[in-house]
2 protein chains.
Amino acid sequence: MDRVDIKRLAEKLNLSTSTVSRAFRGNSDINPETKARILSMAKEFNYQPNHYASNLREKKSKTIAIIVPELANNFFSQAIHGIERVARDKGYHTLIYVTDDEYQKEVAFIDKLYNGRVDGIIMSASGEANDHQYLNRLGNKHIPLVFFDRVYDDINVPKVTTDDYESSFAATRHLIEVGCKKIAFLVVNKSLSIGNVRMQGYHDALKDAGIPYNTHLVIDCSNDYDENFDILSKALNEQHPDGILASVERLAISSYYVCHNLGIRIPDDIKIVSFSSLEIASLLNPALSTITQPAFDLGTNAAELLFRALESDAPVNDHLVLSSKLIPRTSSTGVKTHIGGKG
Amino acid sequence: MDRVDIKRLAEKLNLSTSTVSRAFRGNSDINPETKARILSMAKEFNYQPNHYASNLREKKSKTIAIIVPELANNFFSQAIHGIERVARDKGYHTLIYVTDDEYQKEVAFIDKLYNGRVDGIIMSASGEANDHQYLNRLGNKHIPLVFFDRVYDDINVPKVTTDDYESSFAATRHLIEVGCKKIAFLVVNKSLSIGNVRMQGYHDALKDAGIPYNTHLVIDCSNDYDENFDILSKALNEQHPDGILASVERLAISSYYVCHNLGIRIPDDIKIVSFSSLEIASLLNPALSTITQPAFDLGTNAAELLFRALESDAPVNDHLVLSSKLIPRTSSTGVKTHIGGKG
DNA sequence: TTGTATGCGTTATCAA
DNA sequence: TTGATAACGCATACAA
C-alpha cells in the first residue's frame, strides 16, 4: 500500500513493465482488454506515474514558472490567475517565484531554472530596462521566455504589454482638461520599462498642451509605504501640485493617506488619476479615477504566447499590446458618480 | 554549449562523474582544490544539476504545493506570499493550484500530487467540512498536509486558523453596542468550516444580548458578484436590517454597491462590519469596519508547520489559532475617523 | 581522495 | 500485441 510503481503493477498483473507503461500513454498499440485491466488495477492502487522519472526520460516537465516582483498586489494576482487558468487547461503545473522587486533574486531564480526544471518561463521584470544578455542563455537551452507588463527591451522574446504611453498621455490630458495646471507625476523607478514609458506619455501630453515640463514635479518614490508617505508629504507641501498622475496603484493609495493627513481635499484641492487594478476603485473616498489594465487578459495572453512557443519550432516573437481603459471618477472629475450597476 | 551535464563536466576535467557530483553535495569528502576546479568550470558552463534526475535519485523534490480556492483575493495572495517567503528561505520551490472554489478540482489536484511530485502540501479547502477520508491517502504516501483558514475538521493534520468564533462574536456584539437591533449575517456557504464557525459566533452573540435569532436574516450568497447583487438587493428590501456582518470581504463589497444603488446610507441606515484583508479599508466610502485576519502570518505559520513535519519523524498535529483584529471604522461607528499615520 | 558500478521509475527501441 | 533491454542524469555504496 506504500509505494506503487509501474513494476508493482506489472507484477500483480503478470505483465511486463513496458506493457503497463503503454496503458498510460495514448499512442502505443495495446490490447484494449489488457489496457482496461491495467487501468482498473491502477485506479484501485491509486497509481500515478512518477513525474520525475517521466520528466527525466522525456525531458519535458509539463511545468512553467511565473516570476513576478510581488504577489500581494491586485495587478499581479489577477495576471497570475490568468496564467494559471491557461496552464491548468493545458495540463501544466505552475511554479511561482516572487522577487520582492529585487533584481538579484530574479537572476538567482532564472539561474536555478536553467536545469530543465521548467519548460518555459513567464516573467514580469524587476530590474531596469537594459543589459540582460544573461537571459539569452535561456534561449540556448531552448527554454522559452515571455514577458508581461514589465519588460526588458533588449531581450528579443515575446512580450505582452499595455498601451502605457497612450494611457499616460490620455490621463494627463484628462487632468489638464479638468483644469490642472501643475501636475505631479509619481514614479517608483524611472529606469524601469513602465516607469519610463509612462513618464514619456505624461511629458508629451504636457508639451502638447503647452505646459512647461518641470522636473520638480516628477516625484521619485520607493516601494516602501512609510518612505512614500514622507516623500509625498514633502512633495505636496513644497510643490503644491493641483493634479497627480500616479504610475502605480500603491502611489495613489499613499497619496490618499497623505492628503487625508494634510487636509488636502480630493478633488477640490488636488485631482488624482492612477494606474490601478483595484476592482473597488469606485468605492474609495473619493472614487478613484483609474487607468485600468486588463490584468487577467495580460496573463492569459502571455500564457498563450508561451504555449505557442512551446508547441511550435518556429520562433515566436510577437509583441502584443492590449488597451488599458481610462475611467474618470470623482477624484479627478469632482462629479459624484452614481455607483450603479452591480460593481 | 547546448546541454551540460555532470558527464560533460567530468570529461572536460578528466575526472569521474562521481567526483563531480560530490562537488555539489555538501557532505562528501572531496579535495578542496578539485572541488574549486569543478565549481569554476561549472560556473563557466553555467551548469545546474538536473532537478528531475536528483529528485528521482533522492526521492525528494524540494517542492511544495499550495492549493487555494482563489487567487485574486487579498487574503489568499497575502497568505501565499507568506508561504512563498518561508519556502524560498528553505530553498524550496512552490507550485500553485487554484480550485476556483470547486471541490472536484481540489480532488483532481490532490490526486495528481500523489506521485511524489511534491514533498508536502498546504491547502485552504474548497469543499464542505466533512467526509474527506481520501485525503488520508496522502499520509500513507508520507506527504504531509497542512491546512490554513478553511479546514476539514475530520482530517487529522496540522492546521492554522484564526479565532473566527470569537471575532464573529465580538463583531456582532459591537454592532449591537452601536445600536443595531436587526443584524443580517451574510455567508457564502454555511457548510464550509469558516462559514459555520463564524455563524455560530454571530448566533451566540445575539443570544447573549437577548436578541432573537431570525433565520431570514442569515443571507445565503454565492461566489458570483452579479448573483450576490440580486440576492442582497432583495434581502435588504425585504428584511430591512439595520446591521450587516459579512463573513467574507466580497460580501461587504457587494453590500456597498447595493446600498449605494438603493440609496441606503452607511452607517446611518445600516451599519456594516466585515471579515476582510483589504489593506485600504480605511479609504473606502465610508471607511469599512473590519475583522482583519493576519493573512501573511497564517501563511508563514502554515509553512513552518509543514517544514516541521517534513524535517521530523514525529507526527506534527498542532492546531494553531491566530488572533484576528476587530477594527471599528465609520461604517459601523459613524465616527469619521481621522486617517492619520502612514496608512 | 577518487573511481566503478548500480539503481531511482519511466519510456522507447527492438525483437519475439 | 507483448517483453527484454537500454537510457535519461544523478548520487551513493563500495572498491581502489
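Protein chains get the first letters and strands the later ones, always in sequence-line order, with residue 1 at the start of each.
In the set D:dA11, D:dC10, C:dG9, D:dA11 carries the atom at the smallest distance from any side-chain atom of B:E58. Listed nucleotides C:dT10, D:dT12, C:dT2 differ in distance to A:A53; the shortest reach to its side chain belongs to C:dT10. The nucleotide whose nearest atom lies closest to any side-chain atom of B:K59 is, among D:dT2, C:dG9, C:dT2, C:dG9. Taking only side-chain atoms of B:S18, from C-beta outward, the nucleotide of D:dC8, C:dC8, C:dT4 with the closest atom is C:dT4. Taking only side-chain atoms of A:P49, from C-beta outward, the nucleotide of C:dT10, D:dC10, C:dG3 with the closest atom is C:dT10. Nearest to the side-chain atoms of B:L56 among the listed nucleotides C:dG3, D:dG9, D:dT2 stands D:dG9.
Side chain to side chain, B:T63 and A:R117 meet the donor-acceptor criterion of an N or O pair below 3.5 Å. For the residue pair A:S126 and A:T99, a side-chain donor N or O sits within less than 3.5 Å of a side-chain acceptor on the partner. Between A:S277 and A:Q78, the side chains place no donor N or O within less than 3.5 Å of an acceptor N or O (distance only, hydrogens not considered).
Regarding B:D29, its CG atom lies at a distance of 19 Å from the P atom of D:dA16, rounded to whole Å. B:K60 has its NZ atom 20 Å from the C1' atom of D:dG9, to the nearest Å. In this entry the distance linking CZ of A:R8 with C1' of C:dC8 reads 15 Å, nearest Å. Following rounding to the nearest Å, A:K7 (NZ) and C:dT10 (P) show an atom-to-atom distance of 10 Å. B:L15 places its CG atom 14 Å from the C1' atom of C:dT4, with the value rounded to the nearest Å. We find that CD1 of A:I30 is positioned 13 Å from P of C:dA12, with the value rounded to whole Å. Here the P atom of nucleotide C:dG9 and the CG atom of A:N55 are 15 Å apart, to the nearest Å. At whole-Å resolution of the value, CZ in A:R25 and P in C:dT13 are 12 Å apart.
Under the ring-ring contact (aromatic ring centres under 6.0 Å, His included) criterion, B:F76 pairs with no residue, sequence neighbours left out. A:Y92 meets the ring-ring contact (aromatic ring centres under 6.0 Å, His included) test with A:F307; sequence neighbours excluded.
Judged by distance alone, with hydrogens and angles left aside, B:S54 brings no side-chain donor or acceptor close enough to the base of D:dA11 to form a pair under 3.5 Å. Put simply, the side chain of A:R22 and the base of D:dG3 share a donor and an acceptor less than 3.5 Å apart. Not a single donor-acceptor contact under 3.5 angstrom links the side-chain atoms of A:R57 to the base of C:dA12.
Between the B:D119 side chain and the B:S61 main chain, a donor and an acceptor come within less than 3.5 Å of each other.
End-to-end axis angle of the helix from C:dT1-D:dA16 to C:dA16-D:dT1, from C1' rotation axes over five pairs per end: 40° (rounded to 10 degrees).
Within 4.0 Å of B:T34, counting heavy atoms only, lie sugar-phosphate atoms of the nucleic acid but no base atom.
The aromatic rings of A:Y97 and B:H93 sit perpendicular to each other, their planes meeting at more than 60°, with 30° as the lower class boundary.
Remark: B:Y47 is not in phosphate contact with D:dG9, judged by side-chain N or O atoms under 4.0 Å from OP1 or OP2. Remark: A:S16 is not in phosphate contact with D:dT2, judged by side-chain N or O atoms under 4.0 Å from OP1 or OP2.
Heavy-atom contacts from other residues, nucleotides or ligands closer than 6.0 Å to CD of A:E33 number 12 or fewer.
Both A:S21 and B:N14 lie near DNA chain C, and the one whose nearest nucleotide falls closer to the 5' end is B:N14.
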